[in-house]
Amino acid sequence: MENFDRLAIHTMTTKPWDLPTAVEKYSRAGVRGVGLWRQWLEGRSLTESCALLDDHGIKAVSLVRSGFFPGLTPEERQTALDDNRRALDEAAAVGAPQVVLVCGAKPELSLAENRCQITEGIAACIDHASSVGVKLSIEPLHPMYADCRSAVNTIGQCNDMIDQLGDAWVGIAADVYHIWWDPHLEQEIRRAGKRIIGFHVCDWLTPTQDFLNDRGLMGEGCIDIRGIRAMVEQAGFSSSIEVEIFSNRHWARDQDEFLSDIITAYKSQT
Ligand code: ZN
């Protein structure tokens, strides 16, 4: 129980629950942090969402997600920048210290061009991040998503980008699902140090049935979650452990039982 206060759950993990239901259930179970997906903010004002969290003693540890910087036209790229600045405003309004960036990719563009547009896009948001006091947290995605979700695929790439961008307002969200396979993981986490501002957990199932929505609960798969946690903590990370599971299988279950299993797995497997 000693680290239970560090548990945060992404609203997407319990997808069938709307925000009022999720915060009530999390709060009753003793969960104090939430990874707030932007869809869960729809249908009420930001002030109302913020009050909902406060009333249940729950803190937004991250706002998920924006990014998607590459575009085929200048207009598309501008739309992405506008949306990223809006996400920063939303995060500030609900008290989330960081916005998680799924950086995007267009299959029509080369990887090099995608990566260039991503770096330029993040650079163009730093002033706004600074003005609202919210960090931009780059989440490298597993390379199976390099075609259309993110051309940023390793912690090493994030480090290279942040070497250029500066780390005052840009950090890294390390999600075990995306980084567990990387042979340079330990050295790049060490190099990242305190740039790591988010840590997401779930597990990799064998065989994976669906490359988006078949993540496992911690302990169901082959990821060395404790080993990776030890690496990020040795590098200086001490914030929330965010449970982020997209799973058709778990979403189809009784969500109260799933929540109870999440807490058990958090305590025994992370
Ligand atoms: Zn994640």
Side-chain angles (χ1 to χ4, degrees), residues 6-15 22 31 33-40 60-69 84 87 91 96-105 118 122 134-146 148-158 161-162 170-182 185 188-189 192 195-205 208 210-225 228-229 231-233 235 237 239-248 250-251 262 265-266 269-270:
R6 288 179 64 192
L7 168 62
I9 300 178
H10 279 222
T11 50
M12 185 59 95
T13 299
T14 53
K15 190 179 174 188
V31 178
V34 64
L36 196 51
W37 280 60
R38 294 172 76 194
Q39 299 92 306
W40 273 257
V61 302
S62 58
L63 186 79
V64 194
R65 62 197 183 188
S66 62
F68 296 97
F69 294 103
N84 277 281
Q98 61 180 293
V99 169
V100 175
L101 301 181
V102 170
C103 291
I118 288 166
I122 295 172
V134 173
K135 286 196 175 185
L136 298 154
S137 185
I138 307 172
E139 178 168 26
L141 295 200
H142 191 285
M144 68 181 169
Y145 301 121
C148 60
R149 286 183 180 272
S150 183
V152 178
N153 309 106
T154 63
I155 302 269
Q157 264 181 287
C158 295
M161 288 166 73
I162 296 175
V170 184
I172 301 169
D175 184 324
V176 298
Y177 193 74
H178 299 299
I179 61 175
W180 69 278
W181 56 273
D182 181 355
L185 189 59
E188 289 296 339
I189 285 175
R195 290 172 171 179
I196 294 177
I197 56 173
F199 183 55
H200 304 175
V201 296
C202 64
D203 216 333
W204 184 281
L205 299 178
T208 294
D210 180 306
F211 283 118
L212 193 57
N213 294 323
D214 190 31
R215 295 189 186 193
L217 183 63
M218 299 81 76
E220 287 184 327
C222 61
I223 300 178
D224 178 14
I225 299 168
I228 300 175
R229 175 175 170 176
M231 289 178 204
V232 298
E233 291 185 345
F237 179 80
S239 306
S240 298
I241 315 277
E242 302 174 44
V243 176
E244 183 188 29
I245 302 169
F246 312 158
S247 167
N248 292 325
H250 286 301
W251 289 331
I262 289 168
Y266 169 76
Q269 302 292 333
T270 72

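Counting starts at 1 for both ligands and their atoms, in listed order. Side-chain atoms are counted along with the backbone in the values below, which use heavy atoms only and exclude waters and symmetry mates.
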(request) Among the N/O/S atoms of Glu139, select the one at the shortest distance from the Zn ion (ligand 1) and name it. (result) OE2

(request) Please find the N/O/S atom of Glu244 nearest to the Zn ion (ligand 1) and write down its name. (result) OE1

(request) State, to 0.1 Å, how close Ala151 and Ala105 come at their nearest heavy-atom pair, and which atoms those are. (result) N-CB, 3.9 Å

(request) Please find out if the Zn ion (ligand 1) and some N, O or S atom of His200 are separated by less than 2.8 Å. (result) yes

(request) Starting from the Zn ion (ligand 1), look over the N/O/S atoms of Asp175 and name the nearest one. (result) OD2

(message) For the backbone of Pro140 and the side chain of Gln157, can you confirm whether one donor and one acceptor N or O come within less than 3.5 Å of each other?
(response) no

(message) Could you check whether Asn84 and Ser66, counting side-chain N and O atoms only, form a donor-acceptor pair closer than 3.5 Å?
(response) yes

(request) Examine distances only and state if a side-chain atom of Asn153 and a backbone atom of Leu141 form a donor-acceptor pair shorter than 3.5 Å. (result) yes

(message) Which heavy atom of Gly33 sits nearest to which heavy atom of Val61, and what is that distance?
(response) CA-CG1, 4.2 Å

(message) Taking 2.8 Å as the cut-off, does Glu242 contribute an N, O or S atom near the Zn ion (ligand 1), distance below it?
(response) no

